[in-house]
Structure formats: structure tokens, C-alpha cells
Amino acid sequence: MVDLLPPIPSPDRPQRLRQSAAVRRLVRETRLDPASFVLPLFVRGGHGVRDEIASMPGVFQLSPDQAVRQAQAAAEAGVGGVLLFGIPDRKDAQGSAASDDAEAVQQATRAIKDEVPEIAVITDVCLCEYTDHGHCGFIGFDGGLDLDASLPQHVAAAVSHARAGADLVAPSSMIDGVVGAIRQGLDAEGFGHVGIFSYAVKYASAFYGPFRDAADSAPAFGDRRTHQMDPANAREAIREAALDIEQGADLLMVKPAVAYLDVVRQIRDAFPGRPIGAYHVSGEYAMLKAAATRGWLDERRAVLETLTSLRRAGADVLITYYALDAARWLAEA
Ligand code: PBG
């Protein structure tokens with residue numbers, strides 16, 4: 001009989017640092033801080049409105065007064081910002097309600113800045129929620145998209161948000177030149193202090209499905225592949241980010257998040273001096289929610305693990321529908 005001794009492990013034993021929660025916490029490389037979380041809110045007209053979105057349980061369309069309450073709860077939990085999306089009462093071909101100072105997003109911005117000044121208010125600047133055809137730009141005479149022609153309306157929307165008191169505007173249409181146009185427009189109107197959180201690297205993704213229910217912004221025909229990025233491209237992400245920086249972007253966003261962690265890392269490394277955001281989008285939320293509801297995943301652990309991964313990949317700011325839950329879970333931990 002051969003006497004088999006177990007191999008002697010190397011003296012360098014990583015497991016020593018995993019033996020207690022205390023030491024694990026001590027040597028943890030990546031930490032979550034609710035101050036870097038942003039909670040998206042869907043805002044519509046009215047008062048006392050709180051309509052749950054079918055494909056995003058736990059997320060609501062809110063009237064401005066309810067948006068203030070939600071922002072208040074977020075601020076109390078330490079969440080750093082809210083990102084406002086508007087659902088207008090009237091839509092037209094030009095998305096003219098987007099630049100209406102009386103619209104729901106502008107009302108909610110004023111009210112939140114007034115009542116919850118400690119939370120950053122970021123507003124989404126796009127026309128797809130405001131156009132009757134659901135596209136981010138205009139439709140040209142040939143029936144195709146005329147995105148360039150819609151730049152002035154994007155600028156008008158951003159200026160209207162700035163007038164309402166937004167800290168940052170977030171152009172999300174991925175139209176070439178939109179960041180530069182908005183920067184010029186803001187500066188010309190006396191809003192040189194308002195920053196631009198650019199959706200610099202936004203992919204034409206299937207994971208926006210639930211959002212389009214939430215914001216009622218599904219395109220009536222066609223898709224967004226002619227202006228949002230091809231999911232297969234990473235080098236092009238660097239090009240997009242560089243263009244937005246040239247045009248005056250203050251923060252860069254990568255979107256979606258989980259399927260694009262390699263892109264987050266590459267943007268982080270290519271632009272070390274810039275804050276980077278990662279948007280954990282509606283479909284990513286819906287997947288976790290659906291599995292958790294069926295008892296297939298431990299929601300709290302899966303969500304915190306996901307958010308930690310985004311930070312580990314290099315994101316500074318995390319935009320997530322889980323912002324408030326995650327902030328509360330962290331406080332309990
Ligand atoms: C466009 C916009 C979209 C999202 C944020 N801004 C939808 C789109 O490009 O079709 C998606 C966000 C999400 O899925 O959570 N205004």
C-alpha cells in the first residue's frame with residue numbers, strides 16, 4: 001500500500017484573510033457607498049399619482065409631489081442623486097413638450113431642488129418620450145430619421161431643465177454632436193455652471209424593453225440601431241467617449257452595465273481623470289426582480305454583488321432602480 005500524503009500547501013494562503021467577517025471587511029477592495037447611487041424616477045403630470053410599472057415591480061410613474069417624496073426617502077437613505085424621466089400629457093412629431101417649463105420633469109426638478117436640496121437632480125434629455133412616433137429625433141421628408149434637425153429641440157429641453165434648477169443634464173439620444181450643442185446652448189443662456197452627464201457609450205440594447213413601457217417611448221416603427229452603438233463594438237466606445245469629452249461632457253456613462261463591464265473598465269482606463277457612470281438598466285432590474293420574486297435568487301445578495309461588480313469594473317456613479325433598496329440594505333448590514 002502506498003502512503004499518500006496530502007501535498008503541502010504553499011505558505012502563501014489566501015484563505016487566511018477569509019476566516020472571519022471582521023478580516024474580510026478589513027481587506028475588502030471595493031466598497032459600496034449610497035452617495036454614489038442615482039435613483040431614476042419616472043415623472044408624469046397630476047397629483048398623488050403612483051402607478052406601478054407592470055414590467056418593473058417596485059418602480060412607479062409618479063406625479064411631481066410623489067417624486068418629491070421619493071427623492072426625500074432617497075436622500076434620507078444617503079442616495080446621491082435622482083435621474084428624472086418625463087412622461088408628457090401630449091406628444092407631437094417634434095417632441096415640443098420636452099422644452100415646456102410647465103411639464104412634469106421641470107415641475108419635479110423645481111420641487112425637489114426646493115424641498116430636498118441635498119440630493120443631485122439629473123434630468124434625462126431625449127425626445128423619445130415626447131414624440132408621438134417614439135423616436136429620439138425628427139422624421140424627415142423621406143420617412144427616415146432626421147436626427148440632426150432635432151438638435152435645437154434637445155438644446156431647448158436641456159435649457160428648460162437648467163432653468164428649473166437641474167444640477168446636471170443627461171443627453172441620452174446618442175445623436176452625434178448633441179453634447180456640444182447642449183454645452184453651447186447652456187453657456188449662451190447663462191447656465192455655464194450646469195454640468196453634462198453624457199450617455200457617451202450607449203448600446204442599442206434589448207435590455208431597455210421594460211423602460212419603454214415605463215416611459216411609454218417604444219418607437220412606433222424601426223429601432224435605434226442607426227444612432228445607438230452596436231453591442232459588438234468596444235473600440236468604438238473609446239471614440240464615442242473621446243468625442244463627448246471634446247464637446248464638453250463632464251461625466252461619461254456606459255449603458256447597459258452588467259453585459260458591458262469590459263467597456264466600463266476600458267473607459268475607466270482610457271480616461272483616468274473622468275468620473276464614469278454605469279447605468280444598470282430596466283431589463284437588468286427586471287431580470288433580478290423576476291428571479292427574486294420566484295425565490296430563485298437571494299435578491300439582496302444578488303443586487304449588492306451586481307453593484308459591487310460595477311464599482312470593481314471602474315464605475316464611480318451607479319444608476320440603478322435598486323438605489324433606495326440597496327442604500328437601506330447597506331445601512332442594515
Ligand atoms: C432614452 C432612454 C432610454 C433609456 C434611458 N434613456 C431608452 C432608449 O434608449 O430606448 C433606457 C433606460 C433603461 O432601460 O432603464 N430616453
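Ligands are counted one by one from 1 in listed order, and the atoms in each one are counted from 1 as well.
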For this session: Using a 4.0 Å heavy-atom cut-off, say whether Ser282 meets ligand 1 through its side chain, its backbone, both or neither.
Result: both

Problem set entry | Numbering as shown, the atoms of ligand 1 that approach Asp124 to under 4.0 Å (heavy-atom distance) | 6 (N), 16 (N)

Exercise. With a 4.5 Å limit on heavy-atom distance, are the side chains of Ser96 and Arg90 in contact?
Worked result: yes

Exercise. Can you find a side-chain donor-acceptor pair between Ser63 and Asp65 that sits under 3.5 Å?
Worked result: yes

Exercise. Is Glu305 atom CD crowded by more than 12 heavy atoms from other residues, nucleotides or ligands, each under 6.0 Å away?
Worked result: no

Exercise. So, Thr306 versus His280: side-chain donor-acceptor pair below 3.5 Å or not?
Worked result: no

For this session: Enumerate the atoms of ligand 1 whose separation from the nearest heavy atom of Cys128 is less than 4.0 angstrom.
Result: 1 (C), 16 (N)

Problem set entry | Interfacing atoms of ligand 1 (cut-off 4.0 Å, heavy-atom, Phe85) | 5 (C), 6 (N)

Problem set entry | Heavy-atom side-chain proximity of Val43 to Leu62 below 4.5 angstrom | no

Exercise. Hey, which atoms in ligand 1 end up nearer than 4.0 Å to a heavy atom of Lys202?
Worked result: 1 (C), 2 (C), 3 (C), 6 (N), 8 (C), 9 (O)

Exercise. Does Met174 come within less than 4.0 angstrom of ligand 1, counting non-hydrogen atoms of the residue?
Worked result: no

For this session: Verify, without hydrogens or angle tests, whether Asp51 (side chain) and Gln61 (backbone) share a donor-acceptor contact under 3.5 angstrom.
Result: no

Problem set entry | Main-chain N/O of Ala315 paired with Arg311 side-chain donor or acceptor, under 3.5 Å | yes

Exercise. Are any of the side-chain heavy atoms of Arg274 and Asp244 separated by less than 4.5 Å?
Worked result: no

For this session: With heavy atoms of Arg212 as the reference, note each atom of ligand 1 found under 4.0 Å away.
Result: 8 (C), 10 (O)

Problem set entry | Atoms of ligand 1 close to Gln228 [distance to a heavy atom under 4.0 angstrom, numbered from 1] | 8 (C), 9 (O)

Problem set entry | Cationic tip of Lys289 above Tyr321 ring, under 6.0 Å, 45° of axis | no

Exercise. In terms of residue, atom name and distance, what is the protein heavy atom nearest to atom 6 (N) of ligand 1?
Worked result: Lys255 NZ, 3.3 Å

Exercise. Can you list the ligand 1 atoms lying under 4.0 Å from a non-hydrogen atom of Tyr321?
Worked result: 12 (C), 13 (C), 15 (O)

For this session: Using a 4.0 Å heavy-atom threshold (strictly under), name the region of Tyr279 that reaches ligand 1: side chain, backbone, both or neither.
Result: side chain

Problem set entry | Nearest-contact summary for atom 12 (C) of ligand 1 - protein heavy atom, Å | Phe211 CD1, 3.3 Å

For this session: Give the atoms of ligand 1, by number and element, whose distance to some non-hydrogen atom of Ser172 is under 4.0 Å.
Result: 1 (C), 2 (C), 6 (N), 16 (N)

